[in-house]
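Everything below concerns the one structure shown next.
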Amino acid sequence: GINAEWLLRPGKLDVPVVELFQTVDLFEAANMTQVLWGITAVARYARRANKELPALGPDLSVKYERNFDQETMNKGASIVGMQAGGFKGANQEGMTFGRPRAL
């Protein structure tokens, strides 16, 4: 059976409640997608706490905060990114979709 340890341990790992499953989902095989989601969530958070555990899916991301000085910020403000468009990147010139329309 499912003991109370399974219900309490994810809280110690800071696993969000929305990623866990209810025990009835596993017991009755009612929502196995949520069960698998919950197991992989617990595995991710457990691996964050102990890197020596085997990985089950990707690791959680780690916040990497950058602090730029004002000179660097000013340089970045004058650059137009390629996502904003421009004439040097790829464009749709010469692209056709499907067959031409016969008149």
Side-chain angles (χ1 to χ4, degrees):
I2 301 172
N3 58 16
E5 192 67 27
W6 167 255
L7 300 173
L8 299 175
R9 182 129 352 232
K12 295 176 184 176
L13 295 172
D14 293 329
V15 180
V17 175
V18 296
E19 293 195 57
L20 298 175
F21 62 91
Q22 296 180 5
T23 54
V24 69
D25 291 337
L26 179 61
F27 185 73
E28 296 178 356
N31 190 356
M32 294 308 289
T33 302
Q34 187 65 36
V35 171
L36 292 175
W37 185 278
I39 291 170
T40 56
V42 170
R44 283 193 314 270
Y45 283 87
R47 183 157 162 81
R48 181 178 67 177
N50 182 1
K51 286 290 186 188
E52 294 185 15
L53 292 174
L56 177 62
D59 285 342
L60 289 171
S61 62
V62 178
K63 183 177 182 179
Y64 180 65
E65 192 169 326
R66 297 166 182 91
N67 296 313
F68 296 109
D69 59 359
Q70 192 58 41
E71 181 183 353
T72 305
M73 295 295 285
N74 291 340
K75 286 180 183 178
S78 64
I79 297 172
V80 177
M82 290 303 291
Q83 290 180 340
F87 59 89
K88 292 183 181 180
N91 60 29
Q92 295 179 344
E93 183 179 334
M95 293 181 70
T96 58
F97 294 96
R99 295 175 36 184
R101 185 174 166 192
L103 297 175

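For reference, positions follow the sequence shown, starting with 1.
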* Assess whether atom NZ of Lys51 is packed by more than 12 heavy atoms of other residues, nucleotides or ligands within 6.0 Å. => yes

* To do: Could you pull out all residues at least two apart from Asn74 that satisfy side chain to side chain donor-acceptor pair (under 3.5 Å)?
  => Gln70

* Please write out which residues are connected to Met73 in a hydrophobic cluster, directly or through intermediates, given that two of Ile, Leu, Val, Met, Phe, Trp, Tyr count as joined at side-chain heavy-atom separations below 4.5 angstrom. => Phe68

* Residues two or more places apart in sequence or in another chain: which of them pass side chain to side chain donor-acceptor pair (under 3.5 Å) with Asp69? -> Thr72

* Structure fact -> Minimal heavy-atom distance between Leu53 and Ala46, with the atoms involved, is CD1-O, 3.5 Å

* **Interatomic distance, Ile39 atom CD1 to Arg44 atom CZ [nearest 0.5 angstrom]** => 12.0 Å

* Asked: Can you name the nearest heavy-atom pair linking Tyr45 to Leu13, along with the distance?
  -> CD2-O, 3.5 Å

Identify every side-chain donor-acceptor pair in residues 30-37 under 3.5 Å, counting partners at least two apart or on other chains, and give the distances.
{"residue": "Asn31", "atom": "OD1", "partner": "Gln34", "partner atom": "N", "Å": "3.4"}
{"residue": "Gln34", "atom": "NE2", "partner": "Val18", "partner atom": "O", "Å": "3.4"}
{"residue": "Gln34", "atom": "NE2", "partner": "Leu20", "partner atom": "O", "Å": "2.8"}

* To do: Please name all residues satisfying side-chain contact (heavy atoms from CB on, under 4.5 Å) with Asn67, sequence neighbours left out, ordered by chain then number.
  => Glu65

* Asked: Same cluster for Val17 and Phe21 if Ile/Leu/Val/Met/Phe/Trp/Tyr side chains link at under 4.5 Å?
  -> no

* To do: Search all heavy atoms of Asp59 against all heavy atoms of Arg47 and return the closest pair with its distance.
  => OD1-NE, 2.9 Å

* By side chain to side chain donor-acceptor pair (under 3.5 Å), which residues pair with Thr40, not counting sequence neighbours? -> none

